[in-house]
Amino acid sequence: MAVAAAPSARRMSHTQFIELLRRGGASSSPRHGEVLHGWALKSGAASHAPVANSLITFYSSLLPRPLLAAAFAVFDEIPPLSRDAASWNSLLNPLSRHRPLHALSHFRSMLSSSTVLPSPHTFAAAFTAAARAASTTAGTAAHALACKIPSAVSNVYVSTSLLNMYCKLGIVSDARRVFDEMPQRNAFSWSTMVAGYAAEKCSEEAFDLFRLMLGECPYEKSEFIATAVLSAVSVPLGLLMGVQMHGLVLKDGMLDFVSVENSLLTMYVKAGCMGAALHVFESSRERNSITWSAMITGYAQNGEADSAVHMFLHMHTAGFAPTEFTLVGVLNSCSDLGALAVGKQAHGLMVKLGFEVQMYVKSALVDMYAKCGCIGDAKEGFDQLYEVDIVLWTAMVAGHVQNGEHEEALTLYARMDKEGIIPSNLTIASVLRACAGIAALEPGKQLHTQILKYGLGLGAPVGSALSTMYSKCGNLEDGMSVFRRMPNRDVIAWNSIISGFSQNGCGNGALDLFEQMKMEGIVPDHITFINILCACSHMGLVDRGWDYFRSMTKDYGLTPRLDHYACMVDILSRAGMLKEAKDFIESITIDHGTCLWRIVLGACRSLRDFNVGAYAGERLMELGTGDSSAYILLSNIYASQRKWNDVERVRHLMRLRGVNKDPGCSWVELNSQVHVFVVGEQQHPESENINAELRRLAKHVKDEGYHPTPKFSFNEELDALAESHEEDQLELISAAYS
DNA sequence: ATAGGGTTAG
């Protein structure tokens, strides 16, 4: 190393020293500085401010990690009276980036040192520190001080830093005031202000400011401002502005920047336009891991989980290593799809790449195992953790809820509570869903008091979950009163209350609420239409059902999903329009599996329509359904027509496919004791008394004039099994005991 | 002589 040659070093001037120190830049080895540092100490040059300041800068700009401790040591070695403003500033600047709180105390020491005055550089760094430390107090104090020094606030560097500070503190109105009062602006100032709007999701302000810039100083546009505007308009309703931005960046050749392309792609993802996103993706000249992540999480978040998984595999083939974002995206999709195999593959990659330690990646993993039904694996991952954070607790609780293990979710929550873990709003929402799932009003009310205790308020998702809990417990009035008190009612909140009305037999109320929702400017989504169509089904409103079904696509651009088709089939079937239901199903182009035919078959049973019934049943046989009741219903239809060959064929098919009927089961909780009843079993110690009481009730019902519809079955045993699927339990009881 | 603003997109 030429630097270390002592004789020449001894004769070195300070200027030469600084030049040598700067030579390698940030990529120098620490050793390079240490040698020069040693010389500076020996020769006494280290007490000269310019030399020491350069050393501080050297140490603190080393990559990949600055040596802040060494920089501090150099600062401490300068005799206090020899320290100039640059000595303080050269340390303050890196601290503001890497140790913002430390930077703030360094700034205070500088102010009280009384040997130097703060310079514009000082304020630029102090504002950055306050921004990074998220300290509004320190930031506004520094701003007040800077106002006393005219040269500071008029400086474009300083005022841009101040602007950035207010943006990062989330006080965008003050940021705009700083921006408007700036004597001079450059590309940084414009993009910082727009990024501030973007962070607050002020799409229109960001877009307008960008257009203002294009008019005033088009030469200042940069890829940074383009990405900032695109990020600002990346909201569900930002598509119109987003498309205009697409035109602008295309015209300006900005798409050569992969960052701009990625932002554009993300804009389409957030607008739910995966087709357009895919188009951008496919026509991109350059891709990086962010491009892939954006597509994968985009598919995951837009409910196209299989495309997400496909994209993930495609990424792998293209030779890109997964990132934590792609893994989380693919894990979330595996959760939705129940795709355990791919999920395990992602788990393997996670371990290999060392992402497993990141809390939110691990949460996604636990969540995936929980939702794929491997609650044991989920629990294992969960229990292995040294310190479980609230996100993971919530993932586990939500996993139980998702798996239908509502009691387990409540138990886990009780454990959390006992261990003194403070729940988040998401935890509470999940536990409320568990309560709603089992109509557990008491625990639900206790959660309501906890919401008050922790001051969680009725925002998303707590308010909606609470309202749903009350409605599902049959307490529609409380559901409605929670809904009324929610500060911001989003589409989910409206969906909750609409489904509450619909499920509690208030179909008209549900439809009124739907109109009210639209008047308040809330855009209905897929779920809204499921609720509305269900309400129509309950009320037998065929024409209105069709109107809503069409409106969904025509007015809101929503593609009907299986659930919507199922609701329509249900509406037609309940109204006795079985032929229409059949034709409707056969006009559907999406894969609808077995559920639509099963609805028709069920309806044919109560409407005694054997032709459509047999037709639907045969479709189910072709599809190889594993639903035992379908075999029983079809065989009963043939039996009632005395088509014994067909009866035998269906029953043979059922045996051949190993389809078994899970016996119907119900349970009642009484004084904290759960009593279980299984069809065909007399296990309960009080069976005899219970049966006697049922016989008495059935007789009473009969005496009151209720006569159950005669069944068309020939096989009572099979029919009783099919019956246990149906809602009308009373019919079974009276048939069995009359 | 030495010290300065924004690291965007998942």
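No experiment lies behind these values; they were computed from the predicted model shown. In what follows, chains carry the letters A, B, and so on, assigned in the order in which the sequence lines appear, proteins first and then strands, with residues in each chain numbered from 1.
A donor and an acceptor atom sit less than 3.5 Å apart, one in the side chain of A:Thr227 and one in the base of B:dT8. With hydrogens and angles ignored, no donor-acceptor pair under 3.5 angstrom links the side chain of A:Thr122 to the base of B:dG4.
Within the structure, every pair that satisfies the ring-ring contact (aromatic ring centres under 6.0 Å, His included) test and touches residues 133-185 of chain A, not counting sequence neighbours, is listed here: A:His143-A:Tyr166, A:Phe179-A:Trp190. Within the structure, salt bridge (charged side-chain N to carboxylate O under 4.0 Å, His left out) pairs that include any residue of residues 280-293 of chain A comprise A:Asp256-A:Arg285 (at least two apart or interchain).
Ring to ring, A:His102 and A:Phe72 are close: their centroids are under 6.0 angstrom apart. Taking the six-membered ring for Trp and the full ring otherwise, the centers of A:Phe281 and A:Trp292 sit less than 6.0 Å from each other.
Atom CG in A:Asn302 sits about 14 Å away from atom P in B:dG10, given to the nearest Å. Taking atom CD1 on A:Ile225 and atom C1' on B:dT8, their separation rounds to 12 Å, with Å as the unit. The distance from atom CG of A:Asn53 to atom P of B:dA1 is 13 Å, rounded to the nearest whole Å. To the nearest angstrom, P of B:dA1 lies 9 Å from CD1 of A:Ile18. Rounded to whole angstrom, the span from the CG atom of A:Leu264 across to the P atom of B:dG10 amounts to 12 Å. Going from atom CZ of A:Phe188 over to atom P of B:dT8 covers 14 Å, rounded to whole Å. With rounding to whole Å, A:Phe107 atom CZ is found 17 Å from B:dG4 atom P. Rounded to an integer number of Å, the gap from A:Ile296 CD1 to B:dA9 P is 19 Å.
Comparing atom distances between the A:Tyr157 side chain and each of B:dG4, B:dA9, B:dG10 picks out B:dG4 as nearest. Nearest nucleotide to the A:Thr266 side chain, out of B:dA3, B:dA9, B:dT2: B:dA9. Closest to the A:Asp84 side chain, of the nucleotides B:dG4, B:dT2, B:dG10, is B:dT2. In the set B:dT2, B:dG10, B:dG4, B:dT2 carries the atom at the smallest distance from any side-chain atom of A:Pro50. Here the side chain of A:Val258 is nearest to one of B:dA1, B:dA9, B:dG4, namely B:dA9. With B:dG10, B:dT2, B:dA1 as the candidates, the nucleotide lying closest to the side chain of A:Ala86 is B:dT2. Nearest nucleotide to the A:Ser231 side chain, out of B:dA9, B:dA1, B:dT2: B:dA9.
Of the residues in residues 196-214 of chain A, not one comes within less than 4.0 Å of DNA chain B through any heavy atom. Residues of residues 284-291 of chain A having a heavy atom closer than 4.0 Å to DNA chain B, listed by number: A:Asn288, A:Ile290.
Within 4.0 Å of A:Ala294, counting heavy atoms only, lie sugar-phosphate atoms of the nucleic acid but no base atom. Nucleic acid contact class of A:Val156 (heavy atoms, under 4.0 Å, all strands): base. Within 4.0 Å of A:Ser119, counting heavy atoms only, lies at least one base atom of the nucleic acid.
Under the 4.5 Å side-chain criterion, counting only non-hydrogen atoms from C-beta, A:Leu353 is not in contact with A:Glu324. Residues A:Glu205 and A:Asp208 fail the side-chain proximity criterion, which asks for heavy atoms closer than 4.5 Å.
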Side-chain atoms of residues 227-248 of chain A: list all donor-acceptor pairs with protein atoms under 3.5 Å, sequence neighbours left out, distances to 0.1 Å.
| unit_1 | atom_1 | unit_2 | atom_2 | d |
| --- | --- | --- | --- | --- |
| A:Thr227 | OG1 | A:Glu223 | O | 3.1 |
| A:Thr227 | OG1 | A:Phe224 | O | 2.8 |
| A:Ser234 | OG | A:Leu230 | O | 2.7 |
| A:His246 | ND1 | A:Tyr268 | OH | 2.7 |

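Between A:Lys270 and the phosphate of B:dA9, there is no side-chain N or O to OP1/OP2 separation shorter than 4.0 Å. At B:dG4, one or more side-chain N or O atoms of A:Asn93 fall inside 4.0 Å of OP1 or OP2 (strictly under the cut-off). For A:Ser263 and B:dT8, the shortest distance from a side-chain N or O to OP1 or OP2 is not below 4.0 Å. An OP1 or OP2 oxygen of B:dA1 is reached within less than 4.0 angstrom by no side-chain nitrogen or oxygen of A:Arg22.
The existence of a salt bridge linking A:Asp180 and A:Arg177 is excluded, since no basic side-chain nitrogen approaches an acidic carboxylate oxygen closer than 4.0 Å.
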Notebook entry, point to check: Given the rule in the side chain to side chain donor-acceptor pair (under 3.5 Å) test, do A:Thr57 and A:Ser54 qualify, once you have shown the distances and angles that lead to the verdict?
Noted result: CA-CA 5 Å; A:Thr57 304; A:Ser54 305; over 6 Å; no
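In this view, A:Glu77 and A:His37 satisfy the side chain to side chain donor-acceptor pair (under 3.5 Å) rule, not counting sequence neighbours.
Between A:His106 and A:Trp88, the ring planes are tilted. Angles from 30° to 60° get that label.
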